[in-house]
Number of protein chains: 2
Amino acid sequence: MPRNRAAPERPALTVDVVIFRLADERLETLLVRRGFPPFKGRWAIPGGFVHKNESLDAAARRELKEETGLEGIYLEQLYTFGDPKRDPRGRVVTVAYFALIPGTAAARAGDDAAEVGWYPLIKLPEIAFDHKNILQYALRRLRYKLEYSAIGFQLLPSEFTLAELQAAYEIILGEPLDKRNFRRRILEADVIEATGDYRSGTVGPRAALYRYRPDAVAEVKARRLFP
Amino acid sequence: MPRNRAAPERPALTVDVVIFRLADERLETLLVRRGFPPFKGRWAIPGGFVHKNESLDAAARRELKEETGLEGIYLEQLYTFGDPKRDPRGRVVTVAYFALIPGTAAARAGDDAAEVGWYPLIKLPEIAFDHKNILQYALRRLRYKLEYSAIGFQLLPSEFTLAELQAAYEIILGEPLDKRNFRRRILEADVIEATGDYRSGTVGPRAALYRYRPDAVAEVKARRLFP
DNA sequence: CTATAATCGTGTCAGAATTACACCATTTGG
DNA sequence: CCAAATGGTGTAATTCTGACACGATTATAG
């Protein structure tokens, strides 16, 4: 808290929300095409100014809803980027968040005229500002958290099969996992429970459906899921 | 990045730096006594406004130097607190950092008239603003990082004995560690190396001195030191 | 000078956790 | 009804973790 009496700089303050989803066997993120300079035509992480009397979390949640129409989504603060030169128009400090949206939630492509699109992280278009840094940072954090907490479920619909869950982990981590070991660990971690229903795949036996047990989060945080 | 054209709110932006040290077998933090309302007389985390053309990291480093006279200190961004009501005078968003200063560095008590003091985290005085939250958050992060990375060395002088290192870990984690297991793990992690010198303690055999291998940090981050 | 008390440094073993690995049963579609 | 894809299951070898004790060294007090 300031003790000096110098006039404070009052930078513009934005939140940027890195929104992840799983689609087409890839991890994708939502980007917005800029219609004005600077970086006209390049793609940016969706975000906007923090309003008066609005907390940072609330601003991020509002942005997320504006872009996707979704509420009740997993959202966490990532990092704050404040390099004086990161926006050529002047000082803009941004608090970056990342959000995970369940695969099924057909996030609509934004409710305003702006051009928006989902891009796989492995094949990003030309990115504006320092947003490539932010995306990389978000991906690192996602992978990291995936190993230690139950965050992976947030990218799946409320009911899913173990094969789907494993596929989600493999996509995000970028490496194959052993089926039997995966199942053992996930089940021993006690973070999911069978719904009792089954899903008929295209071919082969029916797969048991599971759901996430939200009350289990706290317990898991301490112990690595995938060492 | 903002797409809407609404006038941005421009909150005051500060950095607050939670500064930790080890002293008297305790983990201590540097606090500043407030001389003016609000929270006059209560203790706050040292911090101040971010200057024009100054990055957030640079601002934190500057604050750290102003308070302690120290440079080249371990410093990392912690979290950004932006609740609209966190400062009764108006909107102040603060980017919190935490710093670890080596035990020997006799941080001077600040270079201006303000009253500053080191307080053990287990016995804090009356705290201003939401700074108690920030301190708790910083402690949680410190403990967490201690288990996964080689951060603990930052609280010791450049050369130290294994007993001193173990004591540091025990103080921060708040629990005793087994001597032989501790030594095995630390040495196998390959993050420290013997200097070849020895220190004569008050009594007993001479203890080998070790130094931290800064190039080892990257390797360690992946693997838990103390599971 | 000697006795005492504190500290340094070291190894093993049991139990737990992790990894690697293969096959049969079921279901759908041709 | 046959083929092809997928679901589900167990074990053995290895590695990791945690518990545990004592002899050698040095400073200090008497």
Side-chain angles (χ1 to χ4, degrees), chain A residues 25 103 146-150 156-157 159-171 173-211 219-227, chain B residues 25 103 146-149 152 156-157 159-171 173-211 219-227:
Chain A
E25 323 262 300
L146 199 66
E147 297 184 351
Y148 289 90
S149 68
L156 294 177
E159 298 197 348
F160 49 85
T161 69
L162 289 180
E164 291 165 352
L165 184 59
Q166 181 178 346
Y169 274 76
E170 288 176 335
I171 291 167
L173 295 177
E175 63 184 8
L177 299 172
D178 180 86
K179 180 161 68 164
R180 279 176 287 192
N181 293 340
F182 179 85
R183 292 161 108 89
R184 177 163 41 90
R185 281 210 187 93
I186 279 287
L187 293 176
E188 280 175 0
D190 230 30
V191 288
I192 60 179
E193 59 189 5
T195 65
D197 297 331
Y198 293 85
R199 171 179 303 166
S200 299
T202 53
V203 67
R206 296 164 310 161
L209 288 172
Y210 290 81
R211 79 168 69 88
E219 310 161 24
V220 183
K221 291 241 164 167
R223 178 155 287 281
R224 280 189 82 157
L225 276 179
F226 297 93
Chain B
E25 324 263 295
L146 199 66
E147 298 183 350
Y148 290 89
S149 69
L156 292 178
E159 299 196 347
F160 48 86
T161 69
L162 289 181
E164 290 165 353
L165 183 59
Q166 181 178 346
Y169 274 75
E170 289 176 335
I171 290 167
L173 296 177
E175 61 186 6
L177 300 172
D178 179 87
K179 180 161 68 162
R180 279 176 288 192
N181 293 340
F182 179 85
R183 291 159 111 88
R184 172 163 44 102
R185 283 209 187 94
I186 278 286
L187 294 176
E188 279 175 2
D190 229 30
V191 289
I192 61 178
E193 59 190 5
T195 65
D197 296 331
Y198 293 85
R199 170 176 304 164
S200 299
T202 51
V203 66
R206 296 165 310 161
L209 287 172
Y210 290 81
R211 78 169 70 88
E219 310 160 23
V220 183
K221 291 241 163 165
R223 179 155 287 282
R224 283 189 80 159
L225 276 179
F226 297 94

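Just so it is clear, the values below take in all heavy atoms, side chains as well, and ignore hydrogens, waters and symmetry mates. Here is how names work: the chains are called A, B, and so on, in the same order as the sequence lines, proteins then strands, and each is numbered from 1.
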(request) Go through the N and O atoms of the side chain of A:Arg180 and the base of C:dA22, and report whether any donor-acceptor pair is under 3.5 Å. (result) yes

(request) For B:Ile186 and C:dG9, give me the distance from atom CD1 to atom P, rounded to whole Å. (result) 14 Å

(message) Would you say B:Arg206 places a side-chain N or O within less than 4.0 Å of OP1 or OP2 belonging to C:dG9?
(response) no

(message) In whole Å, I'd like the distance from the CZ atom of A:Arg199 to the C1' atom of D:dG8.
(response) 16 Å

Shorter than 3.5 Å, N or O on both sides, protein versus nucleotides 1-4 of chain D: list them out with atom names.
none

(request) Using atom CG of B:Leu209 as one end and atom P of C:dG9 as the other, report the distance to the nearest whole Å. (result) 9 Å

(message) Distance criterion of 3.5 Å, no angle test: do you see the side chain of A:Arg183 paired donor-to-acceptor with the base of D:dG10?
(response) no

(message) Tell me if a side-chain donor or acceptor on B:Gln166 pairs with a main-chain N or O of B:Leu177 at a distance below 3.5 Å.
(response) yes

(message) Heavy atoms from C-beta onward define the side chain here; which of C:dT19, D:dT17, C:dA25 lies closest to that of A:Pro205?
(response) C:dA25

(message) As a test of understanding, state which of B:Arg184, B:Lys179, B:Arg183 forms a side chain to side chain donor-acceptor pair (under 3.5 Å) with B:Asn181.
(response) B:Arg184

(request) State which of C:dA20, D:dG8, D:dC20 makes the closest approach to the side chain of A:Asn181. (result) C:dA20

(message) Rounded to whole Å, please give me the gap between CG in B:Leu162 and C1' in C:dT10.
(response) 12 Å

(request) With DNA chain C as reference, determine whether A:Glu188 or A:Thr202 sits nearer its 5' end, using the nearest nucleotide of each. (result) A:Glu188

(message) Tell me the closest heavy-atom pair linking B:Leu146 and B:Gly152, and the distance in Å.
(response) CD1-CA, 3.5 Å

(message) How many whole angstroms separate atom CZ of B:Arg184 from atom P of C:dT12?
(response) 12 Å

(message) If you take the centroid of each ring, where Trp contributes its six-membered ring, are B:Phe160 and B:Tyr210 closer together than 6.0 Å?
(response) no

(request) Kindly write out the residues that satisfy side chain to side chain contact (heavy atoms under 4.5 Å, CB included) with A:Ala168, not counting sequence neighbours, or none if the list is empty. (result) A:Leu22, A:Leu156

(request) Could you state the atom-to-atom distance from CZ of A:Phe182 to P of D:dT9 in whole Å? (result) 15 Å

(request) Specify the separation, in whole Å, of atom OH of B:Tyr198 and atom P of C:dC8. (result) 13 Å

(request) For residues 192-208 of chain A, pull every pair meeting side chain to side chain donor-acceptor pair (under 3.5 Å), keeping only residues two or more places apart or in separate chains. (result) A:Glu164-A:Arg199, A:Glu193-A:Arg211

(message) Restricting to non-hydrogen atoms, name the atom on B:Ile192 and the atom on B:Ile186 that form the minimum distance, rounded to 0.1 Å.
(response) CD1-CG2, 3.2 Å

(message) I need the NZ-P distance between B:Lys179 and C:dA6, as an integer number of Å.
(response) 14 Å

